[in-house]
2 protein chains.
Amino acid sequence: MSEVSYNSRLAITAADRVLHEIQRAIVAGEITPGSKISEPELARRFDLSRAPLREALARLERCHLIERLPNIGARVVTLSIAGLSWLYQIREELEGLACRLAAQHMTDQQINELCQLLDLHLATQRVREGESYYQEAGDVDFHYRIIQGSNNPYLINILCDELYYLVRMYRVQLGMNGPRVSRAFDEHKAILTAIANRDGELADLLMRRHIAASRLNIEKHLHQLGK
Amino acid sequence: MSEVSYNSRLAITAADRVLHEIQRAIVAGEITPGSKISEPELARRFDLSRAPLREALARLERCHLIERLPNIGARVVTLSIAGLSWLYQIREELEGLACRLAAQHMTDQQINELCQLLDLHLATQRVREGESYYQEAGDVDFHYRIIQGSNNPYLINILCDELYYLVRMYRVQLGMNGPRVSRAFDEHKAILTAIANRDGELADLLMRRHIAASRLNIEKHLHQLGK
DNA sequence: AAGGTATTAATTGTCGACAATTTAAACTTA
DNA sequence: TAAGTTTAAATTGTCGACAATTAATACCTT
């Protein structure tokens, strides 16, 4: 009989399902930034009790998508230039570190697979010029892989579990696309090349620049949106 | 009638109390690393229901003091050289960043207050040579202040709320004291001087070295403890 | 007696209801 | 009418009980 992989025995609970659903809705902007989260309302909407809902809210707070105050309740976070800046300051440091570690720990096979993924992104991107979603997902995928390659569980947790939903929220709600798409691809390629050459220092530097450029790009959008 | 300060209206809930109590017990080693957390047992022990207890467990997971698996339960984390290394890799990056930001954002008054705190540490330390607790608390205090001075909420959250309990757990359970106490003081002084001179780059460098030295110190203890 | 299976016990996940607190509304008073 | 106070409604925090899942025990088979 087929042997089920050991770690895949992570049971999916009701709290998980509602978490992912609300998470998606907040990132997509379907639940307005700054709006209040009503536990009874959400419980009705997802047809479950408040217990698993509160578990989900605890995790939403953990990834900075909502803010909770005792006896008062939860609100969806609001986006701001300051918030974006704070977020990207940390990304620069930690993803730079991730690059150094990835250059140290990623296997040749993992690097090759990521290289193929990049080529796939290029193909997809050429076909659908200016389409934002794929670039978005692709970019996230690239950063995800590097971070996973760092082999540092705390680093992975902070970046992938706690900060990345907020990063995506900024990019999705500001409708990021435009001419930076192709340049981002080149930057990804350069970073990966440095990692393939086991040059962690260079990969670190390039990643910091890449993130800084990405931040400036989003800040530009934020400014020209007036707010 | 006297006006209560606005932000101090944060209600203390039952979940908060039990959280702090368990947090302290884990950091102090009163609850053995690797041991299983029994919800019914803890609920009886603290004389409350499982609802606030589970809220507390969610937050304990957030600061990496326990690990939870769905439908299985929670275990207290185990300490390891690898875990310490992972933790300090992140501290080096983020507290270095905190120094750069603190040099930018801390007011002269805040810097002066921290300077006085350091002198207080020196006095206390001279009186109680080799006493670890005060140095421990003092060191934590120093790092706390720098981090708070960074003015970056995400940075503050990651370091002070999510990672520092684990840092303290390593130091407490390994009984850190010994000759590094006085050298750590000098390093603190140098870092603060750099910040006072608004030399963020130097403060960054010195902080990274300080943390690296601290890590090596703890690793030495871990090794000579055989495990 | 060893290995595997079925049964039992214990633990976690979820539910509905109540208590404590906060927010909104109604009311009073100047 | 505006401000402050009192009352009512709604929301969050907590509780005890049940369902679903996991861990432990007893049982059977070879």
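So you know, we letter chains A, B, ... as the sequences are listed, proteins then strands, and number each from 1.
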What is the distance, to the nearest angstrom, from the CZ atom on B:Arg75 to the C1' atom on C:dT12? 15 Å
When rounded to the nearest 0.5 Å, the distance separating CG of B:Leu159 from CD1 of B:Ile146 is 12.0 Å
Write out a two-atom table: protein N or O, nucleotide N or O from nucleotides 15-18 of chain C, distance below 3.5 Å.
{"unit_1": "C:dC15", "atom_1": "OP2", "unit_2": "A:Ser49", "atom_2": "N", "d": "2.7"}
{"unit_1": "C:dC15", "atom_1": "OP2", "unit_2": "A:Ser49", "atom_2": "OG", "d": "3.1"}

According to side chain to side chain donor-acceptor pair (under 3.5 Å), who are the partners of A:Glu21, at least two apart in sequence or on a separate chain? A:Arg24
Could you tell me whether the phosphate oxygens of D:dT12, OP1 or OP2, come under 4.0 Å of any side-chain nitrogen or oxygen in B:Thr13? no
To the nearest angstrom, the CZ-C1' distance between B:Arg17 and D:dT14 comes to 11 Å
Checking salt bridge (charged side-chain N to carboxylate O under 4.0 Å, His left out) for the pair B:Asp141/B:Arg145: CA distance, chi angles, key distance, verdict? CA-CA 6 Å; B:Asp141 247 23; B:Arg145 298 255 186 147; 5.0 Å; no
Report each atom pair, protein N/O against N/O of nucleotides 9-11 of chain D, whose distance is under 3.5 angstrom.
none

What is the distance, rounded to the nearest whole Å, between atom CG of B:Leu69 and atom C1' of C:dT12? 12 Å
State plainly whether the residues A:Asp161 and A:Arg59 are in salt-bridge range, i.e. N to O under 4.0 Å. no
Interatomic distance, B:Ile12 CD1 vs C:dT21 P [rounded to whole Å]: 13 Å
Separation of C:dT21 P from B:Asp16 CG (nearest whole Å): 14 Å
Measure from CZ on A:Phe46 to P on C:dT14 and round the result to the nearest Å. 15 Å
Classify the ring geometry between A:His143 and A:His188 as parallel (under 30°), tilted (30 to 60°) or perpendicular (over 60°). perpendicular
NZ/NE/NH1/NH2 to OD/OE distance under 4.0 Å, A:Glu95 and A:Arg215: no
Under 4.0 Å between a side-chain nitrogen and a carboxylate oxygen: does that hold for A:Glu55 and B:Arg68? yes
Give me the atom names and distance for the closest heavy-atom approach of A:Ala11 to B:Asn71. CB-ND2, 3.3 Å
